[in-house]
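Comments concern the structure below.
Heavy-atom basis, side chains included; hydrogens, waters and symmetry copies ignored.
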There are 2 protein chains.
Amino acid sequence: MSERIKPRGRPRSFDRADALHKAMLLFWRHGYEGTSIADLTGAMGVTPPTLYAAFGSKEKLYREALRHYAKDEGSDRSIPGGSNIRAEVEAYLRSCARNFSDPAKPGGCMVSTGSLQCAVENQPAKDAAGEMRARALQSFTARLRQAKKQGELRDEAEPAVLARYYAAIIQGMSVQASDGASRADLDAMVDVAMGAWPGKARKRT
Amino acid sequence: MSERIKPRGRPRSFDRADALHKAMLLFWRHGYEGTSIADLTGAMGVTPPTLYAAFGSKEKLYREALRHYAKDEGSDRSIPGGSNIRAEVEAYLRSCARNFSDPAKPGGCMVSTGSLQCAVENQPAKDAAGEMRARALQSFTARLRQAKKQGELRDEAEPAVLARYYAAIIQGMSVQASDGASRADLDAMVDVAMGAWPGKARKRT
DNA sequence: ATTATTATCTAGCGATCGATATTTAAATGA
DNA sequence: TCATTTAAATATCGATCGCTAGATAATAAT
């Protein structure tokens, strides 16, 4: 099935997947504008023409790095979609808390807080990250809608609003992790955030 | 008192405060790295040497623009500190919702989501914004501590955690406003966020 | 062996980056 | 008047930006 026939010309002398991973780490930490082609070629161990032959342009490489991040680092990879939506959301937030604060990686999330500001000519980079945030929000909303239909979510709960709210928590965790917040800091925030889960009305102080 | 004696040499031919305001708007929308000296001098209507004589360097101008933003646009300008801390926090969040989504201004907050990623050589810019976020978090925590001491906050509430949590809400609102979220979107999020305010324990769904 | 194909590096493109040396202009003080 | 002081623009600086033309190397097909 996966019999890969040998290509015609000179074979690649570097690992494309590994180079993409290294590019992702640079874009993640320093952003699109904060990462130069020289930074990228330096990390990959190749020269500019090789990078351009393999990835097309800086913007295309950035988009591919974003996709790679979503697959490789996305905190959603392993959350089992069970029948308890509240537990599922909480587990997701806790996985974000752990991943965003991992000292071995850039702080925060490459997507949640990526390319929020950029020069006019780099708007496509902001759009790329913004589209991924929009997609994530959309699929999160869809998951909550499904849960509501299955009776796991109270009738008065609004999936779109709830999705925006927990997206904000994730984005806030990303900002604070980028500023150096610890996993304990973020986990404590998750404790509070889960207190807003739609439930019985409660007395105020 | 404010008798301003006339300075010796040639007088300024441009309004420094107005130029600072224009610089702030550019940094706010495009970030530190996304704003060039040419952008700044163009908006100010002066040449580079004039900018450097007036503001020192790009980084110093950025720091000054951040301070100007905090004073001029800071959502804290007008929240009266009363005896109801819950209402005070909610009012603050609502003012953020309104300001972050103002179509006449750049989306989001210049501080909350400013300079999260940057090149190694521009780390001082990230530090400048990060320090402002840290200060805001600190003063927010202090306000909650004070409120707790005055009995406006339940005993089990942790000011530092609660401050981080509402800071995350603000940062999330800033991200989403930067992506085009409306005031209604953000206000709905505030509704949910206030549901996490420490109160009576509540039954879960 | 020769040709075709693909990948790589050397070298450098024009443009823009942040910042400045130098000169000229406009004010006050003597 | 004329020296002093401050601010302005002209004209660029060296460095870096994203990117590429052209030559060369390494493979497969013929």
Range on DNA chain D touched by chain A - first to last nucleotide, heavy-atom distance under 4.0 Å: D/dC17 to D/dA29
Please list all pairs meeting ring pair (Phe, Tyr, Trp, His ring centres under 6.0 Å) that have one or both residues in residues 166-193 of chain A, counting only residues at least two apart or in different chains. A/Y166-A/W197
Under the ring pair (Phe, Tyr, Trp, His ring centres under 6.0 Å) rule, what pairs show up with a residue in residues 101-159 of chain B, not counting sequence neighbours? none
By the side chain to side chain donor-acceptor pair (under 3.5 Å) test, which pairs, at least two apart or in different chains, include something from residues 181-194 of chain B? A/R164-B/D185, B/R94-B/D187, B/R94-B/D191, B/S182-B/D185
Pairs touching residues 113-132 of chain A that satisfy salt bridge (Lys or Arg N to Asp or Glu O under 4.0 Å), sequence neighbours left out: A/R63-A/E131
Could you list all the salt bridge (Lys or Arg N to Asp or Glu O under 4.0 Å) pairs where at least one residue sits in residues 29-53 of chain A, not counting sequence neighbours? none
For B/R16, all residues meeting salt bridge (Lys or Arg N to Asp or Glu O under 4.0 Å), sequence neighbours excluded: B/E64
Any residue meeting salt bridge (Lys or Arg N to Asp or Glu O under 4.0 Å) with A/D18, in chain and number order, not counting sequence neighbours: A/K22
Dot-bracket encoding of pairs in DNA chain C, which uses [ ] for pseudoknotted crossings and | for another strand, Watson-Crick or G-U under 3.5 angstrom: ||||||||||||||||||||||||||||||
side-chain contact (heavy atoms from CB on, under 4.5 Å) involving B/A147 - partner list, sequence neighbours excluded: B/I85, B/R143, B/E152
Pairing residues for A/H21 by the side-chain contact (heavy atoms from CB on, under 4.5 Å) criterion, not counting sequence neighbours: A/M24, A/L25, A/H68, A/D72, A/E73
Would you mind classifying the nucleic acid contact of B/T41 as base, sugar-phosphate or nothing, using non-hydrogen atoms under 4.0 angstrom? nothing
Does B/Y52 make a side-chain N or O approach to OP1 or OP2 of C/dA19 shorter than 4.0 Å? yes
Using every non-hydrogen atom in the two residues, find where A/A54 and A/F14 come nearest and quote the distance to one decimal. CB-CZ, 4.0 Å
Base, backbone or nothing for each nucleotide of nucleotides 3-16 of chain C, written B, S, -, heavy atoms under 4.0 angstrom, 5' to 3'? --BBBSBB------
